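If you read the sequence from its start, that first residue is 1, and numbering goes on from there. The model shown is predicted, which means the values in this text are computed figures rather than measured ones. Atoms considered below: every heavy atom in the structure, side chains included; atoms not considered: hydrogens, waters and symmetry mates.
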Amino acid sequence: MTTIEQKALAYHRAGSAGKIAIEITKSVSTQEDLALAYSPGVAAPCVEIKREPAKAYEYTAKGNLVGVITNGSAVLGLGNIGALAGKPVMEGKVVLFKKFAGIDAFDIEIDESDPDKLVDIIAALHPTFGGINLEDIKAPECFYIERKLRERLSIPVFHDDQHGTAIVVGSGMLNAIEMTGRDIATVKIVCSGAGAAAMACLELLVDLGAQRKNIYVCDSKGVLTTARNLDGEKAAWAQDTVATTLSEVMEGADVFLGVSGPGVLSQMDIQRMKAQPIVFTLANPEPELRPELVREVAPDAIIATGRSDYPNQINNALCFPYLFRAALDSGAVTINQEMKRACVVALADMARSDVRFSKDYIVPGLLDPRLLSGVTPKIATAAWRSGVARKQLVELEYADDLKDLAESLL
């Protein structure tokens, strides 16, 4: 029997190696075409852009081009495998941008581990792109790198491992909380994991109404407590509690959010939770506890994972194509909290409006044809209302245009 690994290697090797290629968008069939595409005709747009830099969005591909950039220091579940070994993942991200939102993207793998040097390199590349998607860069450097680039650049910079995960978790969590009759302001949340994705998820949940005093975070050493003298991102989540282990803080929890690794959660931990527990075990490929094991002790649980072979897949591809599509089309200079919140709500609403809405369908499926036209306009409207967009898009007209785009991508 052929394994998934063997199939994947054959898939990537078949035909033209890899998953992407460059497409020419203008005619180059005549001598005149060549003269317009290159010398001497190309000088005209160069002069215009020099005079007015914003013209680059008219005369080049910049306005529909995203850089997918990594140093390979935290790739999927593979860890620090380096820039070159991470290239298949970045090419995959390029495929998703194109497939789901019609956005062109270049994958750029940078062999550099020094955060300041990496910031300088990426900042120097920014004239090429309309937006930058940071990917698979380890914590805590990823926080610093994103923050510095956002300070320096006037194009959207988005670390998807942080914010993409957070947005989809937020949308699923809103629906799970509503479905179980809870109030987000009072739920007790236990988070296993204190890396980039975990911190972003928690910050967004607080933005949606959760209370910091009700959130307990565990890393590999146990509960983040004030007694541990933590610093940096972890210090903000330290609780004044005598509990030191994950199992201890699971008592009476409404929500478990796992962004850590396999095997850290037990069935006994699930039994310590309140009735109708909300269990997001997102470690990939092997979750903190398999859904079938959760169901054995909590049949009424609402469960989400990062895997495609279980219901409620928390997948970043539910949001990043649409965030960047909206940002590029509205001329947004950043992807801000208002845009992220709009994406959360739009995804949650889309799942609720589906006849399949249930404890096994709290987020839309990746291939839902409504995503591009249903989510993107909400984000673009939020960008304009919050003052970061250069262009106001009429929501209904924009949605119609995106429906046409979606049909062309099928």
Between [Y] and [X], is there a side-chain donor-acceptor contact under 3.5 Å, judged purely by atom types and distance?
| X | Y | answer |
| --- | --- | --- |
| Asp160 | Asn316 | yes |
| Ser27 | Ser29 | yes |
| Asp329 | Tyr398 | yes |
| Ser260 | Glu288 | yes |
| Thr281 | Arg290 | no |
| Ser73 | Asn71 | yes |

Check whether any side-chain heavy atom of [X] lies under 4.5 Å from a side-chain heavy atom of [Y], and answer yes or no.
| X | Y | result |
| --- | --- | --- |
| Arg370 | Ser353 | yes |
| Leu323 | Phe158 | yes |
| Ile103 | Arg325 | yes |
| Leu208 | Ile184 | yes |
| Gln337 | Leu204 | yes |
| Phe143 | Gln162 | yes |
| Val223 | Leu246 | no |
| Arg147 | Glu151 | yes |

Using modelled atom types and a 3.5 Å cut-off, is there a donor and acceptor pairing between side-chain atoms of [X] and backbone atoms of [Y]?
| X | Y | value |
| --- | --- | --- |
| Arg307 | Ile314 | no |
| Glu146 | Tyr144 | no |
| Asn315 | Leu318 | no |
| Asn64 | Leu328 | no |
| Asn80 | Ala74 | no |
| Asn284 | Gly306 | yes |
| Glu248 | Thr244 | yes |
| Gln239 | Lys213 | yes |
| Gln267 | Leu293 | yes |

* To do: Could you tell me how the ring of Phe100 sits relative to the ring of Tyr322: parallel (under 30°), tilted (30 to 60°) or perpendicular (over 60°)?
  => tilted

* **Lys378 and Glu395: CA distance, side-chain angles, deciding distance, salt bridge (charged side-chain N to carboxylate O under 4.0 Å, His left out) verdict** => CA-CA 7 Å; Lys378 305 295 184 185; Glu395 197 167 301; 2.9 Å; yes

Would you name the heavy atoms of [X] and [Y] that are closest together and state the gap between them?
| X | Y | result |
| --- | --- | --- |
| Ala194 | Val217 | CB-CG1, 4.2 Å |
| Val249 | Val190 | O-CG2, 3.3 Å |
| Leu230 | Ala238 | CD1-CB, 4.2 Å |
| Cys191 | Leu202 | CB-CD2, 4.1 Å |
| Ala123 | Leu149 | N-CD2, 3.8 Å |
| Asp269 | Met250 | O-CE, 3.8 Å |

If you measure from the Lys or Arg side-chain nitrogens to the Asp or Glu carboxylate oxygens, is any gap between [X] and [Y] under 4.0 Å?
| X | Y | result |
| --- | --- | --- |
| Arg152 | Asp120 | yes |
| Lys93 | Asp136 | no |
| Asp360 | Arg295 | yes |
| Glu203 | Arg212 | yes |
| Asp354 | Arg356 | yes |
| Arg341 | Glu338 | no |
| Arg352 | Asp349 | yes |

* Listed by chain and number, what are the ring pair (Phe, Tyr, Trp, His ring centres under 6.0 Å) partners of His159, not counting sequence neighbours? -> none

Quick check on [X]: does its [atom1] atom have over 12 non-hydrogen neighbours (other residues, nucleotides or ligands) under 6.0 Å away?
| X | atom1 | result |
| --- | --- | --- |
| Gln31 | CD | no |
| Arg385 | CZ | no |
| Glu52 | CD | yes |

* To do: For salt bridge (charged side-chain N to carboxylate O under 4.0 Å, His left out), just list the numbers for Lys221 and Asp219, CA-CA rounded to whole Å, side-chain angles, deciding distance to a tenth of an Å, and then say yes or no.
  => CA-CA 5 Å; Lys221 296 178 181 178; Asp219 64 7; over 6 Å; no

* State yes or no: are the ring centers of Phe280 and Phe256 separated by less than 6.0 Å? => no

* Run the numbers on Asp107 and Lys19 for salt bridge (charged side-chain N to carboxylate O under 4.0 Å, His left out), then give the verdict. => CA-CA 11 Å; Asp107 64 293; Lys19 300 185 286 281; over 6 Å; no

* To do: Output, in order, the C-alpha distance, side-chain angles, deciding distance and verdict of salt bridge (charged side-chain N to carboxylate O under 4.0 Å, His left out) for Lys62 and Asp104.
  => CA-CA 9 Å; Lys62 180 180 174 73; Asp104 296 321; over 6 Å; no

* Not counting sequence neighbours, which residues clear side-chain contact (heavy atoms from CB on, under 4.5 Å) with Arg182? List them please. => Ile177, Thr180, Val187, Asp254, Lys274, Gln276, Ile278

